[in-house]
Amino acid sequence: MSDVYGDYVAKYHSGTERVTIAKDGTFKQSVRVDASGATVENSGTWIWDAHAERIALFGCLGVNDGRGDIRPDFATLRGGCNWSVERKWWLFGAVQLGSDESGLLEKQ
């Protein structure tokens, strides 16, 4: 669980997403779109599901379009994000949110 706290980054074809998971149960999310140079800031709360080894973020922006890019409507709140928490190489390596198949945020 203590490995979950920290900064995560996802790099997409058209920009970057950064999520900071804080120990106090809050998160900050920042999405930068390269073409416009615009950055969208967001924040909310999160909980940890130890049984499922997943983190749920409430008030999260759904950024990933599932094809390696930022959704055109990413700035519309989707209610939340729910990601698995995994190690890059199963039992060791960097912590990541999500999976390689669904797109991921890698811990910095």
Side-chain angles (χ1 to χ4, degrees):
M1 168 61 172
S2 63
D3 285 349
V4 173
Y5 310 125
D7 293 321
Y8 295 83
V9 173
K11 295 180 181 176
Y12 301 105
H13 299 302
S14 62
T16 305
E17 175 183 14
R18 178 178 297 274
V19 176
T20 301
I21 306 294
K23 291 180 181 181
D24 67 359
T26 63
F27 75 89
K28 291 182 181 177
Q29 183 179 29
S30 176
V31 181
R32 178 172 170 76
V33 179
D34 293 338
S36 67
T39 300
V40 174
E41 303 285 337
N42 183 46
S43 61
T45 60
W46 65 271
I47 60 169
W48 170 250
D49 181 343
H51 179 71
E53 295 186 352
R54 297 186 73 80
I55 187 169
L57 281 64
F58 302 100
C60 177
L61 301 174
V63 177
N64 187 342
D65 73 354
R67 296 180 305 276
D69 213 346
I70 296 174
R71 298 170 62 103
D73 63 345
F74 78 91
T76 304
L77 284 177
R78 304 234 176 260
C81 302
N82 191 317
W83 294 307
S84 60
V85 178
E86 303 172 2
R87 294 245 175 230
K88 190 167 187 160
W89 296 290
W90 197 51
L91 294 175
F92 61 95
V95 174
Q96 59 191 30
L97 304 180
S99 65
D100 290 329
E101 296 79 31
S102 66
L104 57 88
L105 289 137
E106 292 185 299
K107 190 169 186 179
Q108 302 303 293

Does anything in residues 60-73 form a salt bridge (charged side-chain N to carboxylate O under 4.0 Å, His left out)? List the pairs, not counting sequence neighbours. Asp65-Arg67, Arg71-Asp73, Asp73-Arg78
Sequence neighbours excluded, every pair satisfying disulfide bond (SG atoms under 2.5 Å apart) that has a member inside residues 36-86: Cys60-Cys81
Applying the 4.5 Å side-chain criterion to the ILVMFWY set and letting contacts propagate, would Tyr5 and Trp48 be lumped into a single cluster? yes
Apply side chain to side chain contact (heavy atoms under 4.5 Å, CB included) to the pair Asp3 and Val85, showing each step before the final yes or no. CA-CA 9 Å; Asp3 285 349; Val85 178; over 6 Å; no
Check whether any side-chain heavy atom of Phe74 sits under 4.5 Å from a side-chain heavy atom of Val40, and report yes or no. yes
Please say yes or no: joined through hydrophobic side-chain contacts below 4.5 Å, possibly via intermediate residues, are Phe58 and Ile21 part of one cluster? no
To the nearest 0.5 Å, what is the distance between OH on Tyr8 and CZ on Arg18? 12.5 Å
Strictly distance-based, threshold 3.5 Å: is any side-chain N or O of Lys107 a donor or acceptor partner for the main-chain N or O of Leu97? no
Taking side-chain hydrogen bond (donor to acceptor under 3.5 Å, both in side chains) as the test, write out the residues that go with Thr26, two or more places apart. Asp24
Which pairs, with at least one residue in residues 32-57 and sequence neighbours excluded, count as a salt bridge (charged side-chain N to carboxylate O under 4.0 Å, His left out)? none
For residues 19-58, which residue pairs pass the disulfide bond (SG atoms under 2.5 Å apart) check, not counting sequence neighbours? none
Residue pairs passing the disulfide bond (SG atoms under 2.5 Å apart) test with at least one member in residues 8-39, sequence neighbours excluded, are none
Do the side chain of Asn42 and the main chain of Gly59 share a donor and acceptor less than 3.5 angstrom apart? yes
Of all heavy-atom pairs linking Thr16 and Ile70, the shortest is N-CD1, 4.2 Å
Kindly indicate, with the supporting measurements, whether the criterion side chain to side chain contact (heavy atoms under 4.5 Å, CB included) is fulfilled by Gln29 and Leu57. CA-CA 10 Å; Gln29 183 179 29; Leu57 281 64; over 6 Å; no
Does Trp83 reach the main-chain N or O of Leu104 with its side chain, forming a donor-acceptor pair under 3.5 Å? no
Could you check if a side-chain atom of Leu105 sits within less than 4.5 angstrom of a side-chain atom of Glu17, using non-hydrogen atoms only? yes
